[in-house]
Asks: 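Next up is a structure, given as structure tokens.
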Amino acid sequence: MLEILTAIVSSAITLFIILDPLLSTSMFIDLTRGLSGKEVLKQAGIATSVAGVLMLVFLVFNDVIFSILNIELDSFKVAGGIILFILGLQIVLGLEIGGKAAHEARAEQARDGAELLPGTVRKSMAGVIIGTPIMCGPGTITTVMIIGSEYGILITAVAIILALLVIWMILAFSSRITAVLGETVIVILSKIVGLLLTAIAVHTIWSGVVGLIGLTVAGL
């Protein structure tokens, strides 16, 4: 029982970090400015629901995807870990690998798409825009697939729900949180999140490498 709880908490924390709640909060405030408190809560619910549905889809069809592509989990861990490491490195150091930093590119993409919509439509679509691509992007999908293959659908699904519940609360009270913490603290926290992401990435890569070595030795 303790092992299951540990797996759920660990997975939820990992998903919370990769979902990038600080970027989501900044974008959410921008897109929902001028809306009533009730509508803000509604859009926060839509955002987490959209992200949750996409994550669960990739979780459920995890094995099918691996089977079709004919790849091992350990290979995916190494590849996914490298991607997560680059994302974390960009956040911590402000590097621009292959153009804009990934989190900045996602935010700009969402803003550009939102600006093409009329004001009322843009505000009603705020939750969808935050749900994807801001929260549920390539890094999130990669993480869900890795955790799902390691712990199974049930544990990962519970972890997804827990992580999204916390993020829903952050989005619902985003204006108050930002007002209390201030921009400087938000930037510092984003750097810490990036550092945690790189640490998770290193562990994922190492786990994949060890697994591949084990498969090679067993095949000899």
Asks: Got a sec, which hydrophobics cluster with I161, joining ILVMFWY side chains under 4.5 Å apart, including via others?
Replies: L165
Asks: Just jot down the side chain to side chain contact (heavy atoms under 4.5 Å, CB included) partners of T184, sequence neighbours excluded, or say none.
Replies: I188
Asks: Within a strict 4.5 Å, meaning less than it, do heavy atoms of the M135 and I130 side chains meet?
Replies: yes
Asks: Minimum heavy-atom separation for A47 to L171, with atom names?
Replies: CB-CD1, 4.1 Å
Asks: Output all residues satisfying side chain to side chain contact (heavy atoms under 4.5 Å, CB included) with L69, sequence neighbours left out; order by chain, then residue number.
Replies: I65, I71
Asks: For residues 3-13, pull every pair meeting salt bridge (Lys or Arg N to Asp or Glu O under 4.0 Å), keeping only residues two or more places apart or in separate chains.
Replies: none
Asks: Distance from L196 atom CG to I18 atom CD1, nearest 0.5 Å?
Replies: 11.5 Å
Asks: What pairs of residues pass the ring-ring contact (aromatic ring centres under 6.0 Å, His included) test when at least one of them lies in residues 68-89, not counting sequence neighbours?
Replies: F66-F76
Asks: Could you see if I170 belongs to whatever hydrophobic cluster contains I129? Use Ile, Leu, Val, Met, Phe, Trp, Tyr and a side-chain cutoff under 4.5 Å.
Replies: yes
Asks: side-chain hydrogen bond (donor to acceptor under 3.5 Å, both in side chains): which pairs involve residues 54-75, sequence neighbours left out?
Replies: N62-S149, E72-S75
Asks: Is it possible for you to say whether L15 and V158 belong to one hydrophobic cluster, with membership spreading through side-chain heavy-atom contacts below 4.5 Å?
Replies: yes
Asks: For V9, enumerate each residue passing the side chain to side chain contact (heavy atoms under 4.5 Å, CB included) test, keeping only those at least two apart in sequence or located in another chain.
Replies: I13
Asks: Applying the side chain to side chain contact (heavy atoms under 4.5 Å, CB included) criterion to I160, which one of L56, I147, T140 satisfies it?
Replies: L56
Asks: Of all residues at least two apart in sequence or in a different chain, which pass the side chain to side chain contact (heavy atoms under 4.5 Å, CB included) check with I4?
Replies: I8, I155
Asks: Measuring from atom OG of S49 to atom CD of Q43, what distance do you get when rounded to the nearest 0.5 angstrom?
Replies: 11.0 Å
Asks: Check whether I17 and M145 end up in the same hydrophobic cluster, where Ile, Leu, Val, Met, Phe, Trp and Tyr are linked by side-chain heavy atoms less than 4.5 Å apart.
Replies: no
Asks: Would you give me the side-chain donor-acceptor pairs under 3.5 Å for residues 197-210, sequence neighbours excluded?
Replies:
unit_1, atom_1, unit_2, atom_2, d
T198, OG1, L195, O, 2.5
T204, OG1, I200, O, 2.8
S207, OG, K77, NZ, 3.1

Asks: Please round to the nearest 0.5 Å and tell me the distance separating atom CZ of R176 and atom CG of L181.
Replies: 14.0 Å
Asks: Can you see which heavy atom on L164 is nearest to which on A51, and at what distance?
Replies: CD2-CB, 4.3 Å
Asks: Considering residues at least two apart in sequence or located in another chain, which fulfil the ring-ring contact (aromatic ring centres under 6.0 Å, His included) criterion with F58?
Replies: none
Asks: Same cluster for F16 and V53 if Ile/Leu/Val/Met/Phe/Trp/Tyr side chains link at under 4.5 Å?
Replies: no
Asks: Is there a chain of hydrophobic side chains (I, L, V, M, F, W, Y, each step under 4.5 Å between heavy atoms) that links V166 to I177?
Replies: yes
Asks: Going by the salt bridge (Lys or Arg N to Asp or Glu O under 4.0 Å) test, which pairs reach into residues 155-166, not counting sequence neighbours?
Replies: none
Asks: Ignoring hydrogens, what is the shortest heavy-atom contact between G152 and L59? Give both atom names and the distance.
Replies: O-CD1, 4.5 Å
Asks: Provide the closest heavy-atom pair for L87 versus G139 in the form atom of the first, atom of the second, distance.
Replies: CD1-CA, 4.1 Å
Asks: Please, which pairs that meet ring-ring contact (aromatic ring centres under 6.0 Å, His included) have at least one residue in residues 143-175, sequence neighbours excluded?
Replies: none
Asks: Would a distance-only check, ignoring hydrogens and angles, find a side-chain to backbone donor-acceptor pair under 3.5 Å from T48 to G45?
Replies: yes
